[in-house]
Each structure stands twice: as C-alpha cells, then as structure tokens.
*Asks:* 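Sending over a structure as structure tokens; questions will come in a sec.
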2 protein chains.
Amino acid sequence: MLDAITLTEAYNVSSLSDQAWISPPMNPELFKVACSNCNLRELCMPVGLQQAEMVKLDSVVSTRKRIKEGSHLFSHGDPFTTLYAIRTGYFKTSVLSEDGREQVTGFQMAGEIIGMDGIVSDQHHCNAIALEDAEVCVMPFENVEELSREFPVLQRHVHKIMSREIVRENGVMMLLGNMRAEERLAAFLLNLVQRLHARGFSQTEFVLRMTREEIGSYLGMKLETVSRTFSKFSEEGIIEVKQRNVKILNPDALKNIFTPQSCG
Amino acid sequence: MLDAITLTEAYNVSSLSDQAWISPPMNPELFKVACSNCNLRELCMPVGLQQAEMVKLDSVVSTRKRIKEGSHLFSHGDPFTTLYAIRTGYFKTSVLSEDGREQVTGFQMAGEIIGMDGIVSDQHHCNAIALEDAEVCVMPFENVEELSREFPVLQRHVHKIMSREIVRENGVMMLLGNMRAEERLAAFLLNLVQRLHARGFSQTEFVLRMTREEIGSYLGMKLETVSRTFSKFSEEGIIEVKQRNVKILNPDALKNIFTPQSCG
DNA sequence: TTCATTGTTTGATGTACATCAAAGAGCTTG
DNA sequence: CAAGCTCTTTGATGTACATCAAACAATGAA
C-alpha cells in the first residue's frame, strides 16, 4: 500500500505547482531566470508586489546552480557572497564540532532561503549538503541589499526570513532541551508534513529524504532511537513506515504526543 | 577570597567603560539619548562611522526604558514594534511549551540587541525577562528600517546582528544535541567570560546573574546536574564556585572539556 | 545473478542524567 | 534574631536513551 506512494499523488494548493518536484533537472537555459514567472515566488518573495516591481526584483537572482546529491552547496569556512533560494531538491545544513561530531541544524526544501549563517563573518558557518539532486537560485547578497534599500517590502521580507530562522531555531532548542524522543519525532514529522502541504503535497504521505542518522542528529538522538520510535508509532497505528515512506494515519495522535494535554 | 569579587574590580578595555555596570540607575534626563556619545556604541552600532553619520543614527533610538528585575521587557504574543539595545542589566529570553515547560533561549547583556524574534509575525515569540534592574534603548523597528535604507553600513550591521543570532543558536543546537553535561557547562562558562571580557570585565572572575535552574534550562539539564557539575569542576580545581560567584582557575582545562582533543 | 555497500531494524546491556528527598546557605521581613 | 523565603548542594534511586551487536533489506556494481 505504501508502495503506491508517489510524488505525483501530491495535489496542488493555490498556484504552487508540484512540477518542480517531479520533473527531471531542467536545462536552465530553457527557463528565464526570473522570479516574476517562477512558480515558487510566493514562497521566496514578498507577496503583494505589482508585476512591475516583481520584474525589477528579478535582478536579485544572478544565475542558477545545480548541486548533485551528496555534494556541498557551501561549506564551513567558505567565503560568503550570496544567499540561495532552493528551486528543487532538498538540503541539510549542519555544523561540526572540533572533534568531528555533526549536528544537523536544519532540513530545507523548495522555496526556502539558505546561506544566512554567512553574513555575520563573511564566511559560512554551516555546511549545506544536497540530499538529492537540486537546483538553487543564486542571489548575491550585494544585490539583495541594494534592492532592499530600494524596496521596503523586500527589505521587510529579508528581515522576516532571518527572523523566521531565529524563531525556528528557538523551537529546535525547545525540542532538544525539554522534549523526549517521541515528542521530538512527532514534532519533526508534523513540521515536515506541514511544510510539504504548503507546497502542494499530501498532508498524510511523504518520502523522507534523509537517513535515520540525519534525523537523529537534528533531533539530538541516535539513529537506533529514531528507528525504535518510528516502530513504536507504527505499532500504535499512528503512522505507517516502510523505509523512507511515511504515511500519517492518525495526525491527532501525533499532535497529542507533541503537545500532551494537561489532564486538568 | 571569592567574597572579594566585586564588579569594581573589572578593568577596562579599549574605550568601553564599566560605568554602565556599576553606577546606580541613572536619571535618563541627565544623559542625552544618543548613540553618538554612548559608551556602548561599539557593541551596538556599526564601527567606522563618521561623527556626522553617527549623529544621524541617533534617531534610531526613540527613548529609554527601565525594567525592574524579574519583570518582562516583552512577552510571547506581544505586538512587535521595536528592537531593544541593552544599556545596563541582564536579560534572559525564553519560550514556553504548551504544557508549560520553559526553555531559556539565551542570556543577553549590555550592548546586545533583543527583540528580533518578533519581526517574522509582528508579534513576539519569546519572553524577555530582566535578571536584574535594567535599562534598554528603544529602537522602533520602523526607524531601524528607514535608516537602514539610507545607510548601507547600518543595513549590513542589522543583517549581521541577525545572522550572529542564527549562528549562536546553531552553536546551542550543537551543545544540546551532541554534548554531555560537562561540555555544556564548560562551553557556557567560556562563552560568558568571553563576552564579559569584551565588555571590560575580568577574564577569570564573574558573578552569575541567573539561577542554576535557568542555566539548566538553557543547557538542557536539570538544576541538580548543573550544581553537581559545578561541584565537580570545583573539586578538580578548574573553577572556584561560591554561590553565584565564579572564578576560573584553569581556563585551559575548561577548553579541554569543551573541545576534547582526539588523542591521535 | 552474486557480492558489496549502505541503511534499517531489533535485542541485550550499560550509563548519563533525571527524579526524589532532605539538609544547608543566604536573603528578606517582621 | 528568628521565621520564612528561595536557591543550592548532596545523596539514593530510577529511567530514558546510548551503546554494542547482529541480522535484515535495499541498492548498485561486477
């Protein structure tokens, strides 16, 4: 049954198409490198722009870039010059401790912006690695700042994106500092499915693009514990798992694990 | 011996004065509300500004505000309108889970900017609570954005501050996800002392402004574990602890705990 | 096809830290 | 100065998760 899950089953929401997800890597020459006719613009770009403004904003993006699965978009220590908007594919960002322990700091998908860790010291602090073949829009930070000065709405948008990242990380700190393994995984799955849904995919079925170990690193637990927790949810009939295919059978139960009701 | 620690022992570095730390709350009317003659400006404001530019930037700050120990500068859900630069005093920021667990997300001191969590959704996501009587500069975000459009150097500065926060939180994720209790506390103490040193205080002695419980919340451990770990460091001669007074006797040992050398 | 590799699952055992509990230290208040 | 806070320390015990280990599944190369 879960074998039947395919990305093409995802349905569309608003004007976002799932094209970007199911089509093979496109030849960038075939498509105008422009935000104004990008089907992800509602995720990357401020909303409510006039067409004319949008066209002016096209110049934030200089080029596109392909990244093969497993390779780095940027690495710790690389000079920072640009932000990236993910067009297709999936990334993880991570930091390494001195003695080589990896902490995954996030998983990013289409429409999300990465690279902001590099601004503070003009070099990247994280590694960004493609979890599948990916394509990103290169947005030189100079361009972003220049256009931000011209368009208050873009300026605010940039601030919001950075603030969102700060708030997201606050949430991860809560997970890591206060939650138990089951709560962490439940929160993770709910977050993932919610973001996928916003991109036009199913609310219930999806394919994990990361290993148990990467999930574990993100959630501060070992891969065995991730696996066991998946199995537990599965035994309880909350989810159906087959390798990386996940189907959420009882979202309310998941939410209940994540936010246990005080029984008062 | 540790009884002798007083803030007046702190020595000065560069042009930063410790005045702000030791003087009783000042009457705001006595001092011009201006960044251009603030002794913390090197922490809050971009460096390398001309005097004339600096004077123009004075208008980011609208007023100052006093916050009594234990009270909120802002709370989760409050409408966001302004950032705050801490002039004197100490804050903690925290988030609460649905069932009331607190996660301290940071401790902030003079010269640091707080409130950026509110930008993304126009309302605050954290609570900011004064750990001692404090004074902040109120910087309406409208002003910040307006002047940012005018001064690229301020614009870049704002971006750097937000990026720094993102990177800091990455580090906390590493602590929470991968480090053991001793490593966490060692990292915490080293970070604290480094920031205090940048403000003109001793590299070795300081007074904790937060409880064991708050430290524990930040570091994802229970107050008893914090206490035990302090005791352990103390027994090993690495630090001297008497209540909230801490003296670092062997900083290298602390660093070694934090970043264990691979014995290859 | 077989073999190797990589990722996943599951079981047995160990441990770092949490929890429970109680005493002590430093304050504030009357 | 005693009474009553809050915060801290320390000990005894419990447990959630890590670690170690081995089998299994999926994928891709030879």
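Every chain is numbered from 1, with letters handed out A, B, ... down the list of sequences. Note that the structure is a prediction, hence the values are computed from the model and not measured.
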*Asks:* The side chain of Arg212(A) lies closest to which of these nucleotides: dG26(C), dT9(D), dT8(C)?
*Replies:* dT8(C)

*Asks:* Taking the nucleotide of DNA chain D with the nearest heavy atom to each, does Glu235(B) or Glu182(A) sit closer to the 5' end?
*Replies:* Glu235(B)

*Asks:* Met210(A) CE to dT6(C) C1': how many Å, rounded?
*Replies:* 18 Å

*Asks:* Taking atom P of dC20(D) as reference, at what distance in whole Å does atom CG of Leu223(A) sit?
*Replies:* 13 Å

*Asks:* Please report, rounded to the nearest Å, how far the P atom of dT8(C) is from the CZ atom of Arg209(A).
*Replies:* 13 Å

*Asks:* Between Arg87(B) and Glu112(B), is there a side-chain N and carboxylate O pair less than 4.0 Å apart?
*Replies:* no

*Asks:* Figure out the CD1/C1' separation between Ile215(A) and dT8(C), and round it to whole Å.
*Replies:* 11 Å

*Asks:* Please find out if less than 6.0 Å separates the ring center of Tyr218(B) from that of Phe107(B).
*Replies:* yes

*Asks:* dT19(D) P sits how many Å from Arg101(A) CZ, rounded?
*Replies:* 10 Å

*Asks:* Nearest of dT9(C), dT9(D), dA18(D) to any side-chain atom of Ser227(A)?
*Replies:* dT9(C)

*Asks:* Would you indicate what Gly220(B) reaches in the nucleic acid, counting non-hydrogen atoms under 4.0 angstrom: base, sugar-phosphate, or nothing?
*Replies:* sugar-phosphate

*Asks:* In whole Å, what is the span from the CD atom of Glu213(A) to the P atom of dT9(C)?
*Replies:* 13 Å

*Asks:* So does Ser231(B) get a side-chain nitrogen or oxygen closer than 4.0 Å to the phosphate oxygens (OP1/OP2) of dT10(D)?
*Replies:* yes

*Asks:* Answer yes or no: is there an ion pair linking Glu132(A) with Lys68(A), defined by an N-O contact shorter than 4.0 Å?
*Replies:* no

*Asks:* Could you tell me whether the phosphate oxygens of dT6(D), OP1 or OP2, come under 4.0 Å of any side-chain nitrogen or oxygen in Thr211(B)?
*Replies:* no

*Asks:* Give a yes or no on whether a donor-acceptor pair under 3.5 Å exists between the nucleobase atoms of dC20(C), that is its base, and the side chain of Glu224(B).
*Replies:* yes

*Asks:* Checking only heavy atoms, does the side chain of Arg228(A) share a donor-acceptor pair with the base of dT19(D) at less than 3.5 Å?
*Replies:* yes

*Asks:* Which whole-number value in Å describes the distance from Lys232(A) NZ to dG11(C) P?
*Replies:* 15 Å

*Asks:* What nucleotide, of dA26(D), dT9(C), dG26(C), holds the atom closest to the side chain of Lys242(A)?
*Replies:* dA26(D)

*Asks:* dA18(D) C1' sits how many Å from Met179(B) CE, rounded?
*Replies:* 17 Å

*Asks:* For residues Lys65(A) and Glu135(A), determine if any side-chain heavy atom of one lies less than 4.5 Å from a side-chain heavy atom of the other.
*Replies:* no

*Asks:* Judged by each residue's nearest nucleotide on DNA chain D, which is more toward the 5′ side, Gln243(A) or Arg184(A)?
*Replies:* Arg184(A)

*Asks:* Side chain of Arg180(B): nearest nucleotide among dT8(D), dA16(C), dT8(C)?
*Replies:* dA16(C)

*Asks:* What I want to find out is whether Glu235(A) reaches Arg228(A) closely enough, with some N-O distance under 4.0 Å, to be called a salt bridge.
*Replies:* no

